[in-house]
Every structure is written in structure tokens, then in C-alpha cells.
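Okay, structure first, notes after.
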Amino acid sequence: MRSQLLDLVWRAGLLAGLAIGLAALCSLFGLVVPLPLPAALGLLCGTVWWFLRHGADRADRPHPPELDLDADYALPHAQDMRVRRLEDLVHGAQPHRRMTARGLALLLGEIAEERARDPDAPPLDPALRDLIATARRDPAEGREVPPIDRKALHRFLHQLAPREERH
């Protein structure tokens, strides 16, 4: 590393000195060139010369882990179509997509209806019931579905999940 640095200083100094010497020679013939210009040009050319000689250091090739194509790795909830559909809707809830808070609330309502078939299921949170009821009303009535933030969505999904998937 030290030898490369010395080589850089030597090459840049040599070309800067030659450029200043050329500017001094030009001043003898009446052509005045400001000294910072040839000095900077000489340093730049010396650095480029050094860089072309030594090149850039290359990083070691990365060693990515082997791809596991075994089917047992798939998460169990990813096989459920309802979860995948909900993930698609939540992913689509961006300004340039067509997902709305109403669509998400209606989907939560469908999951809640399926959950209501279980006689041991505890009652729904009042906030979730109000959200589903508001989403099921006609949009022409003027009641907008409020935006569902991440914390509320996580709470609703945790409440709607079957007991065996909560752990």
C-alpha cells in the first residue's frame, strides 16, 4: 500500500512539475499561463496515469447460500388462500393501486364471518365491528371508511387468527 502511495505521489509530482515547466517555457515566449491551471492539470494527469497502471481493487466474489427448494420450508400460513389474498390486498394499498380501506375492511369482514362459525370464538372487538359495519354500508350514504393503520390491522388480524396460529 505504501509503495502504491509513493508511486502516486511520484507520478502526480512529475507531471505537475512538467506542466509548470511547460508554463514557464511558454512565459519566455510571451504566453502567460496562470500557474494553478498547469499544476492542477499535471496532478490530474498524474493521478489518471497512476490509476490506469494500478487499476481499482476488486472485491471478493460473494458466496450466497444455496437455494433451498425443499417444499417443507414453506410457511404454513402462506398456503392459506385467504392469507395470500389479504397479503395481496395489503400490498396493493398504495397510492398508485386500487386498494382502498373499504376493500380491506370488507375482507376483514369475510374473515370475521368465517370465524363466527366457531362456537368457542370470543366476540369481536367493538372497533373491528364498527369498521366492518361502516364498510358494508353504501358509500353513497357519505360515511367513509377510516384509514386502517398498521397497529390496528395487526391487532385485528391477531384477533381473527385461529388460536393455534397465534403462537
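These values consider heavy atoms only, across backbone and side chains, with no hydrogens, waters or symmetry-generated copies. Values in this document were obtained by computation on a predicted structure and should not be read as measured data.
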Heavy-atom side-chain proximity of [X] to [Y] below 4.5 angstrom:
| X | Y | result |
| --- | --- | --- |
| Glu110 | Leu107 | yes |
| Thr47 | Leu44 | no |
| Arg115 | Pro122 | yes |
| Leu153 | Leu108 | yes |

Which atoms form the tightest heavy-atom contact between [X] and [Y], and what is the distance?
| X | Y | answer |
| --- | --- | --- |
| Ala16 | Ala39 | CB-O, 4.0 Å |
| Asp125 | Gln159 | N-NE2, 2.5 Å |
| Pro38 | Ala23 | CG-CB, 3.7 Å |
| Ile132 | Gly109 | CD1-CA, 3.6 Å |

Query raised in the report: Charged N to carboxylate O under 4.0 angstrom, Glu113 versus Arg136?
Result: yes
Query - Electrostatic pair Asp7-Arg11, nearest N-O below 4.0 angstrom - result: yes
Cluster question for you: counting only ILVMFWY and a side-chain heavy-atom cut-off of under 4.5 Å, with indirect links fine, are [X] and [Y] together?
| X | Y | result |
| --- | --- | --- |
| Leu157 | Leu131 | yes |
| Leu35 | Leu41 | no |
| Leu22 | Ile20 | no |
| Leu43 | Leu37 | no |

Query raised in the report: Is a donor on one side and an acceptor on the other found under 3.5 Å between the side chain of Trp50 and the backbone of Gln4?
Result: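 Yes, the answer is positive, given that a donor and an acceptor are paired below the 3.5 Å cut-off.
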Requested in this report: For a side chain to side chain contact (heavy atoms under 4.5 Å, CB included) with Phe156, tell me which candidate from Ile111, Leu104, Leu128, Leu124 qualifies.
Outcome: Leu128
